[in-house]
Amino acid sequence: MKTKPSGLSYMLKMRATHYLVSAAGLAMLAVGLLADSDVLAGSPAGQLGQWGYMARPFVNSGIRFTNIAAWGAQSLGVTDDGHVIAWGANSYGQVDVPLSLSNVIAVATGLKSSIALKTDGTVVGWGYPGTGGDPPAGLSNVMAISGSHIAALAVRSNGTVTAWGANDFGQLNVPPGLSNVIAVSGWQQCLALKNDGTIVRWGDDLGDPPLGLSNVVVISAGLLHCLALKSDGTVVAWGLNLSGSLDVPSGLSNVVKIVAGHYFSLALRSDGTVVSWGANDYGQTNVPHGLSNVVAIAAGDAFSLALKSDGTIVGWGDNGAGQITSPTSFGNIVAISTRQDHCLALDADGRVRVVSSWNWFPGTVLEVLPPDCTNMVGIAAGQLHGIALCRNGTVVAWGDNSSGQTNVPPSLSNVIAIASGDRHNLALRNDGTVTAWGSYTNVPGGLSNVTAIACGYIQSYALKSDGTLTAWQASGSISVPPGISNVVGISVGDGHVLALRNDGSVLAWGGNSSGESDVPTTLSNVVAVAAGNAVSVAVTGDGHIVTWGANYNGEGNIPQGLSSVVAAAVGDGYVVALKADLQIGYIALTNQTPSIQFHTFSGRQYSVQYSSNLTSGAWFDLPGGNVSGNGHAAVVADTNTTANVSAKFYRVKQSP
């Protein structure tokens, strides 16, 4: 297919078969002879992004990586075009990669900061000040870098070592006169590899390398142990032997790379396979069966990463912050839901995907979905459980069941919306009634005409068709502030509530410990709201995000340049946003009249055109097809009647 101009959106349907053509900012529809009311597609699919203490960047599919690094619960990758993508834990901003960063050839990360080495020999850093993310002014001619707890190390082309950051374990005490260095590695102890194959150490005293160790070609410092790779492909380990981190497998040979993690170790062999030993409390040494063609390895506190020759990343071990899940796998998303540290995503194929979750209780495996969790149209995340709405109006649930929150009522059907709280769930049926299960199930008697539902920690809210709210919790009904009316959207956090009114304004009440109920006076044109733990988020009609309230974990640090957002959700210390570029949502036929639906953003103009043959110059504007965006979906009907035409193609054009 030829490349199409930017600013156009296409999706195709030919006769009885439909499919999506995806390209940057493009989508086209073609209509054949369809049955009345045939719907071709649902909500626009887009990219998932997340910031705060757990971060996942917005990325395009097909990203190829050339280098990787890991620490703690965060991961970094260098792409084949020299950019850096980072994901996982972000409590100190160590995953907030500068947008302007480019021409990168290597990355390294520590507990609170990260650094990148550029092709010109300079180093760029980010994260918590004074912990390694702020390289010394004038640092140049660098050829290798390493993180070192809350410090950083660099080897210059003249063979000297520069260290900066905190000196909590003596990482900055580079031995005087150290020279001829070709590589460095640090954790609490620092190692320098000299060009004669010997090692010099400083920092935390884990003991010197074994006497007589020579011919070393690669070094790696772990938390309390160190590794050295010799030129003959064998591995030597020293330090503390906690959890077997020093127990190099007997006969291990042909090793080309090594990594020491937190009480465990990884080795990459020349045949592209990986060997691991040491601690395995999170499965960090359970190398995936059949893993091959690996070209690089990295290790964090309790997880492992492998970079394959095709540019993809495979991870295993702890995934509490999503650090082992390569961000390239989170495109084509249509819905998101969060609760505390549990984040779910629903893709356009109807599959539920776990973005991240903390497994606080033994036996609770939120990543293992029930086998019937396919063909879904809705999701809701509880504290330690999840529920999903099936296309046939039934509900499935999984995870913690300590309060019966996964015991879906067997007769529940005709469900059109779902919501989850701490340990309870709500389901809205197509007759406007609400069903609850788990804790706090006392739905007010006679509740009807409900159009939307929302759950907080223990609270439940129902939005009625007249724009008013009904609320309850375990102790009974909750009073809604007087005068609340004309509500079209509702979100409940752990202690406060946000209500979106039909004029685009937002009301807030309840807890206000961090200003989460102090709605900005200039806020307007809001199309969606999300409430979290002392944090509030609004999506405006022009596709931007506004936050207020707590910012302890960077949840208020909105990524620079973020736009085209269509939905947001808030967890405990992080924000998730769904970004969707121009795309037609669906086409439906009623009495053989096609209606084309697409999402709009305020401040932009849209026009819908049709063609019968896709030839140049054969595109025509639909009557009524010129639309001014308002942040909501637009529907344009094709009222033209064209004889002897077996198919029509539609496209949407967008201009600022």
Side-chain angles (χ1 to χ4, degrees), residues 43 48 50 54 56 319-322 324-325 329-330 333-410 412 415-428 434-441 453-460 491-494 530-533 567-572 574-576 578:
S43 302
L48 185 77
Q50 180 175 310
M54 294 193 296
R56 178 171 300 281
N319 197 35
I324 71 171
T325 309
S329 61
F330 278 92
I333 301 299
V334 298
I336 49 178
S337 180
T338 62
R339 174 67 57 182
Q340 300 222 349
D341 299 304
H342 184 192
C343 181
L344 300 176
L346 178 67
D347 69 20
D349 295 325
R351 298 177 301 170
V352 178
R353 307 171 70 177
V354 178
V355 180
S356 54
S357 65
W358 293 104
N359 292 324
W360 290 111
F361 301 120
T364 301
V365 185
L366 296 175
E367 289 85 355
V368 179
L369 303 174
D372 53 351
C373 205
T374 58
N375 201 25
M376 299 292 120
V377 294
I379 49 174
Q383 184 183 30
L384 286 166
H385 74 284
I387 62 174
L389 174 60
C390 307
R391 190 174 297 276
N392 65 3
T394 61
V395 176
V396 296
W398 68 97
D400 177 44
N401 195 35
S402 57
S403 297
Q405 58 267 50
T406 63
N407 293 338
V408 180
L412 184 62
V415 176
I416 58 174
I418 53 177
S420 289
D422 176 31
R423 287 175 291 175
H424 73 292
N425 306 301
L426 299 178
L428 173 62
V434 176
T435 300
W437 67 99
S439 300
Y440 328 122
T441 58
I453 49 178
C455 292
Y457 185 69
I458 60 174
Q459 310 95 332
S460 299
S491 181
V492 187
D494 283 354
N533 183 5
V570 187
D572 188 1
Y574 65 95
V575 180
V576 184
L578 180 59

Does the D349 side chain pair with the main chain of R351, one donor and one acceptor, at a distance under 3.5 Å?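 Checking the backbone N and O of R351 against the side chain of D349, no donor-acceptor pair under 3.5 Å is found.
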According to side chain to side chain contact (heavy atoms under 4.5 Å, CB included), who are the partners of [X], at least two apart in sequence or on a separate chain?
X	value
T338	C343, A569, Y574, V576
A436	L426, T441, V443
D494	R339, Q340, Y457, N533
I458	Y440, Q473

Does the side chain of [X] reach to within under 4.5 Å of the side chain of [Y], using non-hydrogen atoms?
X	Y	result
C390	V396	yes
D400	Q383	no
Q405	L384	no

Could you tell me if N319 and T325 have a donor-acceptor pair between their side chains, going purely by distance under 3.5 Å? yes
Could you give the distance from [atom1] ([X]) to [atom2] ([Y]), rounded to the nearest 0.5 Å?
X	Y	atom1	atom2	result
M376	D347	CE	CG	11.5 Å
Q50	L578	CD	CG	12.5 Å
L389	I416	CG	CD1	9.0 Å
L346	R353	CG	CZ	10.0 Å

side-chain hydrogen bond (donor to acceptor under 3.5 Å, both in side chains) involving [X] - partner list, sequence neighbours excluded:
X	value
S491	none
T406	N401
S460	H424

Nearest heavy-atom neighbours spanning [X] and [Y]:
X	Y	result
S420	G382	CB-N, 3.7 Å
H385	D422	CE1-O, 3.6 Å
G386	L344	CA-CD1, 4.2 Å
S402	R423	OG-CD, 3.9 Å
W437	L412	CZ3-CD2, 3.8 Å
A397	V408	CB-CG2, 3.8 Å

Please list, chain by chain and in numerical order, all residues satisfying salt bridge (charged side-chain N to carboxylate O under 4.0 Å, His left out) with D572, sequence neighbours excluded.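 Scan of D572 (salt bridge (charged side-chain N to carboxylate O under 4.0 Å, His left out), adjacent residues dropped) gives none.
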